[in-house]
There are 2 protein chains.
Amino acid sequence: MSVAHTQVTPQAGGPCGDDDCGIREVLDRIGDKWTVLVVMELSKGVRRFRELHRAIPGISQRMLTLTTRRLCRDGLAERTAYPTIPPQVEYHLTPMGRSLAEAVRQLADWSREHKDGMQEARARWDAEHPDEG
Amino acid sequence: MSVAHTQVTPQAGGPCGDDDCGIREVLDRIGDKWTVLVVMELSKGVRRFRELHRAIPGISQRMLTLTTRRLCRDGLAERTAYPTIPPQVEYHLTPMGRSLAEAVRQLADWSREHKDGMQEARARWDAEHPDEG
DNA sequence: CCGTATCCCTGTCGATACTG
DNA sequence: CAGTATCGACAGGGATACGG
């Protein structure tokens, strides 16, 4: 890259270097519709399948199954099945999963802090750009 | 919600409460394929359209236009057009955009730290679950 | 209770060609 | 150089019904 670093921010020389840092990697994992919600719910403690289902409005059985399985596959959660009748399955975060929950929580903090600012910016933009499309 | 909070983690009583915190809001903004890459590139300093295009491999003109415009609309970036010939357009992050870049960088840090761990977990899982689907 | 299978709809994005 | 317009592919995910 031959561009000049004009007006660079202080932390620009950080871990991201010049190229794509790991940012797309995470988003490819957690950027889907349900993963973060399941992670956040599990960050509160052990949960059964049905508890997750009720705690996360709108999720279907299918998507909850797929989401929990991917979390287990990636070592972010673990599954414990008790061979009772009726069956009982519990999920809990691994240490890695808890560290992800913490990182995600920071992003959620940003969201709540700047929700209003973005809302206003959008209102301004839409007022100045009447061509809705 | 009538679920009992068994084995709750220490930080569970935090800003997320019992419900969806702002986490889906952010991901609905930045969870797309290109936004974070543009933000990260702009976090290094002012960039022209063409510079962004070259710095972000694989992005099309169309997607770069759409992405930058949404950033401007949400007050995360600003656009400066110089009526020269040929045209020249510069983009830069607003303070709000820079704060987003910082939050995103933290998530990227998590990604790089745990990339290997997830890779291994997945290898283990795939070994124990020969039924590929 | 927990998980699977099937069908289909929708949004997101890529490719391409064209304007000021 | 920067942006627009059109078309089509493809994956994510919703609805539903079924199985252990």
Side-chain angles (χ1 to χ4, degrees), chain A residues 2-3 20 24 26-38 41-42 46-74 77-92 125 128-133, chain B residues 2-3 20 24 27-38 41-42 46-73 77-92 125 128-133:
Chain A
S2 55
V3 297
D20 179 10
R24 282 285 354 138
V26 227
L27 288 181
D28 286 343
R29 295 287 149 199
I30 71 164
D32 67 294
K33 193 168 180 182
W34 301 110
T35 294
V36 288
L37 297 178
V38 173
E41 183 60 26
L42 285 179
V46 176
R47 289 290 184 277
R48 296 183 51 176
F49 186 91
R50 182 142 237 264
E51 290 173 334
L52 288 171
H53 198 195
R54 309 193 87 138
I56 302 172
I59 195 171
S60 63
Q61 280 198 351
R62 168 187 147 84
M63 289 315 295
L64 183 52
T65 300
L66 291 176
T67 304
T68 51
R69 185 186 300 142
R70 284 204 326 218
L71 289 175
C72 291
R73 186 167 108 105
D74 293 348
E78 273 167 0
R79 197 185 101 118
T80 316
Y82 301 97
T84 58
I85 292 186
Q88 180 165 345
V89 177
E90 285 179 354
Y91 295 93
H92 65 94
W125 174 280
E128 296 169 5
H129 299 259
D131 30 329
E132 45 176 353
Chain B
S2 56
V3 297
D20 180 9
R24 283 285 355 139
L27 288 180
D28 285 343
R29 297 283 149 200
I30 72 165
D32 68 295
K33 193 168 180 181
W34 300 111
T35 294
V36 287
L37 297 178
V38 173
E41 183 61 26
L42 285 179
V46 176
R47 289 291 185 277
R48 297 183 50 176
F49 186 91
R50 182 141 240 264
E51 291 173 334
L52 288 172
H53 198 194
R54 310 193 85 139
I56 301 171
I59 195 171
S60 64
Q61 280 197 350
R62 169 187 149 84
M63 288 316 295
L64 184 52
T65 300
L66 291 177
T67 303
T68 51
R69 184 185 300 141
R70 289 212 337 242
L71 289 175
C72 292
R73 187 168 109 104
E78 274 167 0
R79 198 186 100 120
T80 317
Y82 301 97
T84 58
I85 293 189
Q88 180 164 345
V89 177
E90 284 179 356
Y91 294 92
H92 65 95
W125 174 280
E128 296 169 5
H129 299 259
D131 30 328
E132 45 177 351

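Chain letters run A, B, ... following the sequence lines, proteins first and then strands; every chain starts at 1.
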What is the distance from CG of A/Asp28 to P of D/dA11, rounded to the nearest Å?
14 Å
Is any side-chain N or O of A/Arg62 under 3.5 Å from a base N or O of D/dG13, one able to act as donor and the other as acceptor?
yes
Nearest-angstrom distance from the residue atom CH2 of B/Trp34 to P of C/dG11:
22 Å
Would you say that A/Arg47 contacts A/Val38 through its side chain, given a criterion of any heavy-atom pair below 4.5 Å between the two side chains?
no
Rounded to the nearest angstrom, tell me the gap between atom CD in A/Gln88 and atom C1' in C/dC2.
11 Å
Can you check whether A/Leu66 reaches A/Arg70 side chain to side chain, under 4.5 Å on heavy atoms?
no
Kindly point out which of D/dC1, D/dG3, C/dC1 is positioned nearest to the side chain of B/Val89?
D/dG3
A/Asp32 has an atom CG; how far is it from atom C1' of C/dT12, in whole Å?
15 Å
Any heavy-atom pair between the side chains of B/Arg29 and B/Thr35 that's under 4.5 Å?
no
Can you check whether A/Ile59 reaches A/Leu37 side chain to side chain, under 4.5 Å on heavy atoms?
no
Side-chain touch A/Leu27/B/Val36, heavy atoms, less than 4.5 angstrom:
yes
Testing C/dT4, D/dC1, D/dG3 for proximity to the side chain of B/Pro87, the answer is D/dC1
How close or far is atom P of D/dG20 from atom CD1 of A/Ile85, stated in whole angstroms?
14 Å
Euclidean distance, atom CG of residue B/Leu52 to atom P of D/dC1 [Å, nearest integer]
14 Å
Please work out if A/Tyr91 contacts a base, only the sugar-phosphate, or nothing of the nucleic acid, heavy-atom cut-off 4.0 Å.
sugar-phosphate
Closest to side chain of B/Met63, choosing from C/dC1, C/dG14, D/dA2:
C/dG14
Closest approach to the side chain of A/Pro86, judged atom by atom: which nucleotide of C/dC1, D/dT4, D/dG14 is it?
C/dC1
Quick one: B/Glu90 CD to D/dG3 C1', roughly how many Å, whole number?
17 Å
Whole angstrom is fine here: how far is it from CG in A/Leu64 over to P in C/dC1?
13 Å
Which residue lies toward the 5' end of DNA chain D, B/Arg50 or A/Arg70, if each is placed at its nearest nucleotide?
B/Arg50
By nearest-heavy-atom nucleotide on DNA chain C, the more 5' of B/Ser60 and A/Thr65 is A/Thr65
